[in-house]
There are 2 protein chains.
Amino acid sequence: MDRRIKKNQTAIMDALIQLMAEKDFEKITIHEIAECANVNRGTIYSHYLDKYDLLDKCIETQLKQLIESCLPVDDKGTYSSKASLLRTFELMEKNALFFRTLLTNKGVPSFRNHLQEMMKEGIREQIDENNLSLDDLRKEILVQFLSSATVGVIEWWFTHTMPCSAQEITEQLWALLQLNQVLPFIKQSDLVTQISD
Amino acid sequence: MDRRIKKNQTAIMDALIQLMAEKDFEKITIHEIAECANVNRGTIYSHYLDKYDLLDKCIETQLKQLIESCLPVDDKGTYSSKASLLRTFELMEKNALFFRTLLTNKGVPSFRNHLQEMMKEGIREQIDENNLSLDDLRKEILVQFLSSATVGVIEWWFTHTMPCSAQEITEQLWALLQLNQVLPFIKQSDLVTQISD
DNA sequence: TGGAATCTGTTGAAAAACCAACAAAACTGC
DNA sequence: GCAGTTTTGTTGGTTTTTCAACAGATTCCA
């Protein structure tokens with residue numbers, strides 16, 4: 001892509017994120033964004049229809065980055081999903097301003113859905129890789145269960161201004177996810193004895 | 001000036017300064033500067049003839065900024081030269097990377113002369129404001145004396161990685177400069193008695 | 001020494017960004 | 001409710017930047 005476009009788009013998006021951290025989205029004007037990004041006002045209109053379109057594209061871009069940094073394989077060329085979960089948290093930590101703003105700002109409720117949808121996709125892949133079979137209904141319930149739980153933990157992490165490191169939260173969450181992907185395959189009768197150990 | 005020009009010029013100059021802090025000026029290529037500034041190589045040639053021209057313009061720009069931030073009057077509209085000296089040191093502190101690089105990098109000997117020339121100008125103004133009369137020869141000797149001393153102190157400040165704050169160095173240097181602008185007007189005979197006090 | 005690779009400086013055409021100006025809409029404060 | 005200000009979204013003409021390609025110079029290293 002043309003260098004100018006990339007530079008200006010990131011400048012504009014960064015400006016929006018910065019301003020959203022300072023004030024309510026509705027109070028932000030295109031003029032402000034342009035000044036903050038050090039870009040002509042017209043340039044914004046050449047890329048986005050309006051404020052709302054910009055916000056959409058901004059969310060999309062951030063989540064796409066998140067996914068990309070999530071999926072890449074580790075050194076050996078093997079997918080290591082725990083590592084990818086850690087990378088996810090690390091990227092969120094790095095762009096904390098953006099994620100916290102969108103997760104807490106009541107003006108952007110759609111963001112939570114975007115995020116959960118992305119998590120669902122990842123979890124589905126996880127299940128397919130780890131397990132052999134699971135009927136569709138059970139699988140979707142599990143996906144819903146785990147994605148809700150995961151997004152909830154992420155929300156908690158941000159709203160409590162990240163009370164623990166990305167490393168720690170990954171360990172904890174990973175353990176919970178693993179547990180819940182193994183448990184459904186153990187017979188209920190066995191489960192009782194296992195837990196009572 | 002066109003927004004694009006300003007943005008690219010500062011990006012290019014900042015890139016040069018950053019690279020000079022990392023490696024020798026001669027080892028730096030235009031290609032590197034362009035990549036570091038995130039700018040097309042041709043853009044550099046549209047503003048500067050070559051590396052050396054860029055370095056010149058870079059020095060010039062920095063010193064111009066220095067002068068501008070030096071000269072402005074204080075709140076009341078009166079020139080306060082001690083305050084302007086302090087502002088000078090503060091700006092140098094802020095752009096420490098640049099000044100230290102150019103003062104210590106043996107590849108840029110002209111920078112010291114640039115700096116001293118600038119100081120001379122300031123000192124001449126100081127003398128004209130403070131004192132009534134002084135024949136040309138004596139005045140130029142005094143200017144040379146004080147500017148050399150000042151640049152020497154600045155050099156010392158940077159090469160010793162700023163062992164004291166801008167505030168402190170200003171106080172010390174100011175006291176010395178004042179002393180040397182007053183002394184020449186005291187008769188030698190009086191001087192002895194004054195010092196012996 | 002000779003060949004490969006890199007760096008330099010320049011070109012022209014295409015794309016993008018700039019700016020100033022505009023009318024219409026929305027918001028302000030009296 | 002209404003005048004004054006600000007914001008919005010669009011336009012056209014101009015300037016700058018980008019990109020790709022070029023030949024010549026320089027550096028590297030085998």
Side-chain angles (χ1 to χ4, degrees), chain A residues 1-62 64-65 101 105-108 110, chain B residues 1-62 64-65 101 105-108 110:
Chain A
M1 196 199 298
D2 193 302
R3 202 166 220 155
R4 291 166 289 186
I5 297 178
K6 202 182 292 178
K7 276 195 287 185
N8 280 334
Q9 283 190 349
T10 63
I12 291 165
M13 288 182 176
D14 286 352
L16 174 62
I17 292 170
Q18 190 188 318
L19 288 171
M20 281 183 70
E22 295 169 8
K23 57 161 78 176
D24 197 64
F25 178 69
E26 287 304 324
K27 298 278 184 188
I28 298 171
T29 71
I30 296 277
H31 175 75
E32 267 180 310
I33 298 170
E35 283 313 303
C36 185
N38 195 21
V39 149
N40 189 281
R41 197 162 55 87
T43 305
I44 295 181
Y45 287 108
S46 75
H47 292 300
Y48 313 101
L49 295 173
D50 52 27
K51 257 203 324 189
Y52 305 96
D53 185 43
L54 167 58
L55 180 60
D56 271 3
K57 300 273 173 58
C58 196
I59 290 172
E60 217 169 295
T61 304
Q62 288 284 330
K64 194 180 286 175
Q65 277 182 28
T101 299
N105 196 325
K106 58 190 173 301
V108 194
S110 72
Chain B
M1 196 199 297
D2 193 301
R3 202 166 220 156
R4 291 165 291 183
I5 297 178
K6 203 181 291 179
K7 276 195 287 186
N8 280 335
Q9 284 191 347
T10 62
I12 291 165
M13 288 183 175
D14 286 352
L16 174 62
I17 292 169
Q18 190 189 318
L19 289 170
M20 282 183 69
E22 295 168 9
K23 58 161 81 177
D24 196 64
F25 178 69
E26 288 303 324
K27 299 278 183 187
I28 298 171
T29 71
I30 296 279
H31 176 75
E32 268 180 310
I33 298 169
E35 283 313 302
C36 184
N38 195 21
V39 149
N40 190 281
R41 197 162 54 88
T43 306
I44 295 181
Y45 288 109
S46 74
H47 292 300
Y48 314 100
L49 295 174
D50 52 27
K51 257 203 324 188
Y52 306 95
D53 185 43
L54 167 58
L55 180 60
D56 271 3
K57 300 273 173 59
C58 196
I59 291 173
E60 218 168 294
T61 304
Q62 288 283 331
K64 195 180 282 174
Q65 277 182 28
T101 300
N105 196 324
K106 57 191 173 302
V108 195
S110 72

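Labels below follow one simple rule: chain letters A, B, ... track the order of the sequence lines, proteins then strands, and each chain is numbered from 1. Reckoned from all heavy atoms, side chains included, excluding hydrogens, waters and symmetry mates.
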Five pairs per end, C1' atoms only: what is the angle between the end axes of the helix from C/dT1-D/dA30 to C/dC30-D/dG1, to 10 degrees?
60°
[N] phosphate, OP1 or OP2, under 4.0 Å from [X] side-chain N/O:
| X | N | result |
| --- | --- | --- |
| A/Lys7 | C/dA16 | no |
| A/Asn40 | C/dC19 | yes |
| A/Asn8 | C/dA17 | yes |
| A/His47 | C/dA16 | no |

Using a 4.0 Å heavy-atom cut-off to protein, can you give one letter per nucleotide of nucleotides 3-13 of chain C, 5' to 3': B if the base is in contact, S if only the sugar-phosphate is, - if neither?
----SBBB---
Once you round it to whole Å, what is the distance between [atom2] of [N] and [atom1] of [X]?
| X | N | atom1 | atom2 | answer |
| --- | --- | --- | --- | --- |
| A/Ile12 | C/dA16 | CD1 | P | 13 Å |
| A/Ile5 | C/dA14 | CD1 | P | 17 Å |
| A/Met1 | D/dC19 | CE | P | 11 Å |
| A/Glu26 | C/dA26 | CD | P | 14 Å |
| A/Tyr48 | D/dT8 | OH | P | 16 Å |
| A/Ile44 | C/dC18 | CD1 | P | 10 Å |

The residue among B/Asn40, B/Ile44, B/Thr43 that forms side-chain contact (heavy atoms from CB on, under 4.5 Å) with B/Asn8 is B/Thr43
For the pair [X] (side chain) and [Y] (backbone), establish whether a donor and an acceptor sit closer than 3.5 Å, ignoring hydrogens and angles.
| X | Y | result |
| --- | --- | --- |
| A/Lys7 | B/Asn38 | yes |
| A/Arg41 | A/Ile30 | no |
| B/Lys51 | B/Phe25 | yes |

Name the nucleic acid region contacted by A/Asp2, choosing base, sugar-phosphate or nothing; use a 4.0 angstrom heavy-atom cut-off, strictly under.
sugar-phosphate
Under 4.0 Å between any heavy atoms, over every strand shown, what does B/Arg4 touch: base, sugar-phosphate, or nothing? Just pick one.
base
Quick check for you: to the nearest 0.5 Å, what is the distance between B/Leu55 atom CG and B/Cys58 atom SG?
6.5 Å
How long is the straight-line distance from CD1 of A/Ile33 back to CD of A/Glu35, given to the nearest 0.5 Å?
11.5 Å
Heavy-atom check, side chain of [X] versus side chain of [Y], under 4.5 Å:
| X | Y | result |
| --- | --- | --- |
| A/Glu22 | A/Glu32 | no |
| A/Tyr48 | A/Asp56 | no |
| B/Met13 | B/Gln62 | no |

